[in-house]
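Working notes, beginning with the structure itself.
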Amino acid sequence: MLSSLQNPRQAAAQLLNFGLILSTAFMTWKGLSVIADSPSPIVVVLSGSMEPAFQRGDLLVLWNRNLFSETNVGEVVVYNVKGKDIPIVHRIVRKFGTGPDAKLLTKGDNNAADDTELYARGQDYLTRKDIVGSVVAYIPFVGYVTIMLSEHPWLKTVMLGLMGLMVVMQRE
Amino acid sequence: MYSTVVRIQNTFGFFTTVAFVVAALIAATDLLAPRTPTVGVLKTTNVQVYGQIRVLSSSGPLSWRATNSPLPPLSSVRGRPHYYSSKKEEYAIIRFSLDADLSSLFTWNTKQLFVYVTAEWPSAGGSGSGQNATNQAVIWDSIITAPSADHLANLGPVAMKKLRRSAAGKSIDPSRGKLSIKNQRPKYQITHPSGKVAEQEDVVLRLHYNVQPWVGFLTWNQDADFWRWKTLRNNLSKKFALPAIKKKDEPK
């Protein structure tokens, strides 16, 4: 079973192979990030405030470039509030002014009230730079894996263990 | 070489590939379905502007103090419940009528249709923003679920039962896209960061929609025809002006 450990050349090849898989995943993510001009081009929905359209665990593809028009009322955007690190997916319902200083107000389709309560203290509107990207595409369920992983941390250990075992056991 | 682990890996890999290809094909069928939404009527029926100061009372929850206007029924028209300002704020309530046929937007990949009406008006000059600065605010919106997504809608048990019965046995129900709304009270009042909206001229209402799919791209009403997708014509109301603030001593 651990015969690979007796053959340093094969062990090194397997280690490199594992590293290649990891770096491919990382570069794909960063590549998408550059194309979409967004720090996180794919997000997982964490709350139900945009139900029934988006549910927990759904995957959203973001686009953060204004090629043809500005970010406008009606677009579903992901934004970060100053000082908080949780991205929020809501729809723009009001826009006053144009350009980077336009004042934007957001609201979840499923919420009774707009997002003023979620914003930072003294922040009445968002501006364009608070927005991480506009939602352009939707894939259901796929993101549920990450929610499972963050809610049941022992799954991470199990998964890492399985992956490690596979690397050790697998022989070309 | 063909150990159990490798077999499981291959099976899982093949499954994900097939799932993604099928999803991509389903998303692509959106393009094949013609979209021919039409608008019959979009007009304002009653426009009013009120002026108020909102204060945070020292005892108990947020309270309203009317300065020169009768209190509108706040339970049905929402402003910004969590927005506090000591400034005097004017706000407008625009009632409207709408007649539209959006039934062609319901296909097998439609999860829900989000329909919304915005009010748009040009900025008063010299407020610091550019020449073409505009203001846009949603005054009314509606989530229209496809029958296949009814079970996800956020409704009480009675309304849910009614909704599900309305399309029993159907997975696509285009008749839900036929909107006929008379003298509709807006869901949201409109305000402006400057606090002033009274006597604003050149205001228009505009109807928009957003098709949200089971899988694939989100689409909005587009400005130009795109192959089988026709643009939404006639979705603008006539230009109108917001009236002056309604006075307290005005006869009712």
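By convention in this document, chain letters (A, B, ...) are assigned in the order of the sequence lines, proteins followed by strands, and residues within each chain are numbered from 1. Just so it is clear, the values below take in all heavy atoms, side chains as well, and ignore hydrogens, waters and symmetry mates.
Side-chain atoms of B:Arg206 do not come within 3.5 Å of backbone N or O of B:Glu120 as any donor-acceptor pair.
Atom OH of B:Tyr91 is separated from atom CD1 of B:Ile93 by 5.5 Å, given to the nearest 0.5 angstrom. Separating the NZ atom in B:Lys187 from the OG atom in B:Ser142 is a distance of 6.0 Å, to the nearest 0.5 Å.
Residue with the most contacts toward chain A among B:Ala119, B:Pro193, B:Ala19: B:Pro193 (heavy-atom pairs, distance under 4.5 Å). Per-residue heavy-atom pair counts under 4.5 Å with chain A were compared for B:Ala149, B:Gly216, B:Pro213, and the maximum is reached by B:Gly216. Contact count versus chain A (heavy atoms, under 4.5 Å) is highest, among B:Lys111, B:His208, B:His151, for B:Lys111.
B:Phe114 touches chain A through its side chain: at least one heavy atom from C-beta onward sits under 4.5 Å away, while N, CA, C and O do not. Heavy atoms closer than 4.5 Å to chain B are found in both the backbone and the side chain of A:Lys95. For A:Asp101, no part lies under 4.5 angstrom from a heavy atom of chain B. Contact of B:Thr16 with chain A is not made at all, since no heavy-atom distance falls under 4.5 Å. Using a 4.5 Å cut-off between heavy atoms, B:Gln136 contacts chain A through both its backbone and its side chain. Within the 4.5 angstrom heavy-atom criterion, no atom of A:Leu162 approaches chain B.
Aromatic ring orientation, A:Tyr138 versus A:Phe54: parallel (interplanar angle below 30°, classes split at 30° and 60°). Below 30°, between 30° and 60°, or above 60°: for A:Phe96 and B:His192 the angle between ring planes is above 60°, a perpendicular geometry.
For CG of B:Asp225, the number of neighbouring non-hydrogen atoms (other residues, nucleotides, ligands) closer than 6.0 Å is greater than 12.
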Criterion ring pair (Phe, Tyr, Trp, His ring centres under 6.0 Å) on B:Phe96 and B:Trp140, from CA distance to verdict: CA-CA 10 Å; B:Phe96 65 96; B:Trp140 177 86; 5.7 Å; yes
